[in-house]
Amino acid sequence: MNGTRRKTVDPAALPRHFEAAEAERRWHERWQRDGTYHYDPSRPREETFVVDTPPPTVSGSLHVGHIFSYTQTDVVVRYQRMLGKNIFYPLGWDDNGLPTERRVENYYHVRCDPRLPYEAGLEVGEANAKRRKERPRGISRQNFIELCEELTAKDETAFRELWSRAGLSVDWRQEYQTIDEHCRRTAQRSFLDLHAKGHVFLAEAPFMWDLDDQTAVAQAESEERTIPGAYHHLRFTLVDGDESFTIATTRPELLAACAGVAAHPEDERFRGLFGRRARTPLFHAPVEIFPSERADPEKGTGILMVCTFGDQTDVDWWREQDLPLRQVVGRDGRFVPIRFGEGAFESLAPEAANQAYDQLEGLAVHKARERVVEMLREPGSAPDGQGAALVDEPEAIEHPVKFYERGRRPLEILPTRQWFCRLLDKKADLLAMGEAIAWHPPFMHARFRDWTENLNLDWCLSRQRFFGVSIPVWYPLDESGEPDHGQPILPAVEQLPIDPMIHVPEGYDESQRDKPGGFTGEADIFDTWFTSSMTPQIGSHWGDDPERHERLFPADIRPQAHEIIRTWAFYTIAKAWLHHGTVPWHHILLSGWILDPDRKKMSKSKGNVVTPLELLDKYTADAARYWAASARLGVDTAFDESVWKIGKRLQTKLWNAGKFVLSQEGPVHPVHCELDRAFAAKLRALVEASTRKLDGFDYAHALADTESFFWSQFTDSYLELVKVRARRDDADGGSATTSLRLGLDVLLRLLAPVMPYITEEIWSWAFADEHDAPSIHRAPWPGHADFADIAPPDDPGSFDLAAAALASINKAKADAEVGMGREVETLTLAANEATLARVAPVLGDVLEAARCETHDLATEASLEDGAFRVVSAQFAPKPAR
RNA sequence: GGGCGCAUAGCUCAGUUGGCUAGAGCACCUGCCUUACAAGCAGGGGGUCCCUGGUUCGAGUCCAGGUGCGCCCACCA
């Protein structure tokens, strides 16, 4: 480089300020055109860095959280890219599933009715206020799916624009939708593989059921809410004997479903009852009284009725005690028609029981409860006809009840036929996989471990919904038209993806659909997690392209939110184990939450969402990214707009510093001055520390270090110290210019992952040509090579001494209330003897920066090492303007 | 009830294996248009590091107990 001219910029030719909005558009286009972020499938696995990007749920509304966590991943990715890695960074859209169905129902004001025929070319359009007052329009399943596709395509556009602008360096050629053909094939392939390996099974069993969405719900999708309820005390009698006892229940409407009575075996009060039969009020059902350790003598009255089904414990008791099934609540939440008597529900007084039940049939759960309580209040409602069955008034309580996480009514437990994946017998393996993955931050591992250890249900895979991936199964129908669920018909892998409601199994034709001796298609779809748990394999094209799969699986990192460890992380780990016997990725990065200023989680439903577009306009994308990258992994952060402001300030400062440094035309000369070498040494230490932190995914501290160095060491100190010398047309001036450029060059690269726009802009002025690296984002990460030509300083502390000396003179100027640019006519600077000796090699730079022509030095032994004091100073008068 | 996390300046946050007088930015106060930058610079005030006890020459940091907040899970008669 010595002797050649360097490329410089003319500051006058540059805009006064960085035009961020224009630059964001321009660079985005340029990066797309040049394929800056493209994955190269020809490079080997060891040179590749694979990201298992979360496919966001496309809900239609954007908030700052969407920028937050995705930017954190992008910073990690951009660092890896600058290390020379071949980056596989796809982005998919999780568009199937209930959130989309809900949004479509609201947006168009429609409901899916699978009985309706398909209407070709149906145009519905967004619902207006008038239409919303009417009943939702019923449309066919296929029409409904088309609307889902239409709306998600629209929503995806908004998300794509937001993230393009935020500068996510994804390879947009790898885009996918979890409902697209490739994902459906991957999910169905997963099912066939699990079936072949014996991990999935079909079972008719009581399972959590959401009445509003009319679908089964997995353990992971349920949550508890504390709601008001009431203990109702009901008097039961014995079938043989005069004794009676009182149970307490919060669900009196399930009295008709009572199948047993339980109390603690040690409970003296009820010891004599075990093995005998009780008689229920109203329905006069004879039920077994049995002991169980799980009955709590302290709770309620200590004795309880077991129903089919009030809760999961009822299910367990029903199984253990082999109790009769008395299902009264239907899939729509209404009481189903049933009869008591011979060949039906057992009753000692069928006529009375049927009379009572007639008043409940067809009622919704809460109405039935009211009605039952009225009946129980009536005199003579007790099983022995002596008074009312309801003892005392109901006692109001608050109690926890399970809900579907998106549901409005409590979950019911109903026996339904569902597909399950066996997981309970694989806990040990899944826990071992969890150990083999590096969790960032590490304490998040505990959440996975706790969840896995405490899992108590197998994974229910099927959902009775519409917009999702079909379960690829048909069932043969016998001569009476009944399906044989024990002999499911599966498609060949080559046929995937299929929709069993449309496609026909091998050996049948369409005319045999739903006909005796023919076949019927499985109407259910998969739980959305069944597909999203395959994101690593979706990216790797598992099954379709073995060579690609080898290069992309397992992935390097999985970034995700911590509240879905039990779902997305867990199921992905489970699938990778079941299919491949490995981990799905080597590292998992858990992002924190954005909280509103009251420290509540920001979410659409709470209405406390900050929309990102205005903020992007106000502060720029680099500032947004600065904000996101300032938060550490796993740490919830209160939203604070002032951090965006700091990001923008940093961007502006970079613009100005870049303009200054690259406009210096000093001669090309190696770095030789002590101060310059001392600066380079500090810069080198920064690079090493920053690299170490980024290797551990600690982008936040790497940024804090770099920002602080840039601001205080580079611009405030070093740049001020050498700006005068840099203008000199000699070897010392060349040394200053060279190291200033080195400082800018290295700092730009350190900041490029966080602030891709401003760094690319400044890079393009000179360094792109100088390093033959058209984009800073493909430039090598700074390292030893950048410092190879620079000798270490004679005194590593000389830079700090110079900065401290200058600061002491600045303080004198501030105390005298004169500007920093004021010339110093006389100066007496004091320090201890050793400090004066050490500062001597760099004192010239200090005095130049302070605009000081003549000076005296004084020895003050009392000053600490490295401390300076201005004993006296006279400043030139303010020049006339 | 079990597990995890957090508590540091008015606000948002750093603080590494225990080590000088506990830091940054924002906000606030004072001064300064200085040849990159007033979208800036220089300087300044501001702290019971949640509480109690312990270990230690030394504790914001380690240990025990407690308080408050948040999250995850379990309990659901």
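Just so it is clear: chains get the letters A, B, ... in the order the sequence lines come, proteins before strands, and each one is counted from 1.
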[X] [atom1] - [N] [atom2] separation (whole Å):
| X | N | atom1 | atom2 | answer |
| --- | --- | --- | --- | --- |
| A:Glu817 | B:A42 | CD | C1' | 12 Å |
| A:Gln651 | B:A39 | CD | P | 15 Å |
| A:Trp439 | B:C4 | CH2 | C1' | 13 Å |
| A:Ile646 | B:A27 | CD1 | P | 9 Å |
| A:Leu719 | B:C37 | CG | C1' | 10 Å |
| A:His399 | B:A74 | NE2 | P | 17 Å |
| A:Leu14 | B:A36 | CG | C1' | 11 Å |
| A:Asp705 | B:G25 | CG | C1' | 15 Å |

| task | May I ask you to check if A:Lys653 and A:Trp711 form a cation-pi contact, with NZ or CZ under 6.0 angstrom from the six-membered ring centre and within 45° of the axis? | result | yes
| said: When you measure only distances, ignoring hydrogens and angles, does the side chain of A:Glu720 come within 3.5 Å of the base of B:A36 through a donor and an acceptor? | reply: yes
| Polar side-chain contact A:Lys645-B:C26 base: donor and acceptor under 3.5 Å | no
NA contact type, [X], heavy-atom cut-off 4.0 Å: base, sugar-phosphate, or nothing?
| X | result |
| --- | --- |
| A:Ala295 | base |
| A:Thr249 | sugar-phosphate |
| A:Asp311 | base |
| A:His17 | base |
| A:Trp711 | sugar-phosphate |
| A:Lys813 | nothing |
| A:Arg692 | nothing |
| A:Thr313 | sugar-phosphate |
| A:Ala657 | base |
| A:Lys402 | base |
| A:Ile303 | nothing |
| A:Trp655 | nothing |
| A:Glu864 | base |
| A:Ile247 | nothing |

Please determine, for [N], whether a Watson-Crick or G-U wobble partner exists with both distances under 3.5 Å, and give it or none.
| N | value |
| --- | --- |
| B:G1 | B:C73 |
| B:G58 | none |
| B:U17 | none |
| B:G10 | B:C26 |
| B:C50 | B:G66 |
| B:G40 | B:C32 |

| A:Lys813 side-chain N/O to A:Ala850 backbone N/O, donor-acceptor pair under 3.5 Å | yes
Looking only at the side chain of [X] (C-beta and beyond, no hydrogens), which of the listed nucleotides [options] gets closest?
| X | options | result |
| --- | --- | --- |
| A:Lys659 | B:A42, B:A36, B:C13 | B:A36 |
| A:Met820 | B:G40, B:A42, B:C72 | B:A42 |
| A:Lys653 | B:U12, B:C71, B:C37 | B:C37 |
| A:Arg649 | B:C13, B:G40, B:A36 | B:G40 |
| A:Arg727 | B:C72, B:A36, B:C76 | B:A36 |
| A:Arg632 | B:G43, B:C13, B:C26 | B:C13 |
| A:His562 | B:C71, B:C4, B:A42 | B:C71 |

| request: Please state whether the phosphate of B:C33, meaning OP1 or OP2, lies under 4.0 angstrom from any side-chain nitrogen or oxygen of A:Lys878. | output: yes
| task | Would you indicate, yes or no, if B:A36 has its OP1 or OP2 atom less than 4.0 angstrom from a side-chain nitrogen or oxygen of A:Lys723? | result | yes
Gap in Å between the two [atom1] atoms, one belonging to [N] and one to [M], rounded:
| N | M | atom1 | result |
| --- | --- | --- | --- |
| B:A59 | B:G5 | P | 25 Å |
| B:G54 | B:U12 | P | 33 Å |
| B:C33 | B:G40 | C1' | 9 Å |

| Does a side-chain N-to-carboxylate-O contact under 4.0 Å join A:Glu665 and A:Lys7? | no
| said: Counting neighbours of CD on A:Glu22 that are heavy atoms of other residues, nucleotides or ligands and sit closer than 6.0 Å, is the number greater than 12? | reply: yes
| field | Nearest heavy atoms of A:Leu323 and A:Ala259, plus distance in Å | value | CD2-O, 3.5 Å
| note | Heavy-atom closest pair (A:Pro297 atom, A:Asp267 atom, distance to 0.1 Å) is CB-OD2, 3.6 Å
| The single option from A:Lys648, A:Arg649, A:Glu707 passing side-chain hydrogen bond (donor to acceptor under 3.5 Å, both in side chains) against A:Tyr626 | A:Glu707
| task | Hey, which sits more toward the 5' end of RNA chain B by its nearest nucleotide, A:Asp450 or A:Asp640? | result | A:Asp450
| message | Both A:Phe660 and A:Asp296 contact RNA chain B. Taking the nearest nucleotide for each, which residue is further toward the 5' end? | response | A:Phe660
| query | Side-chain contact, heavy-atom cut-off 4.5 Å: A:Trp655 with A:Pro15? | reply | yes
| request: Answer whether the closest heavy-atom distance between the side chains of A:Trp317 and A:Arg294 falls below 4.5 Å. | output: yes
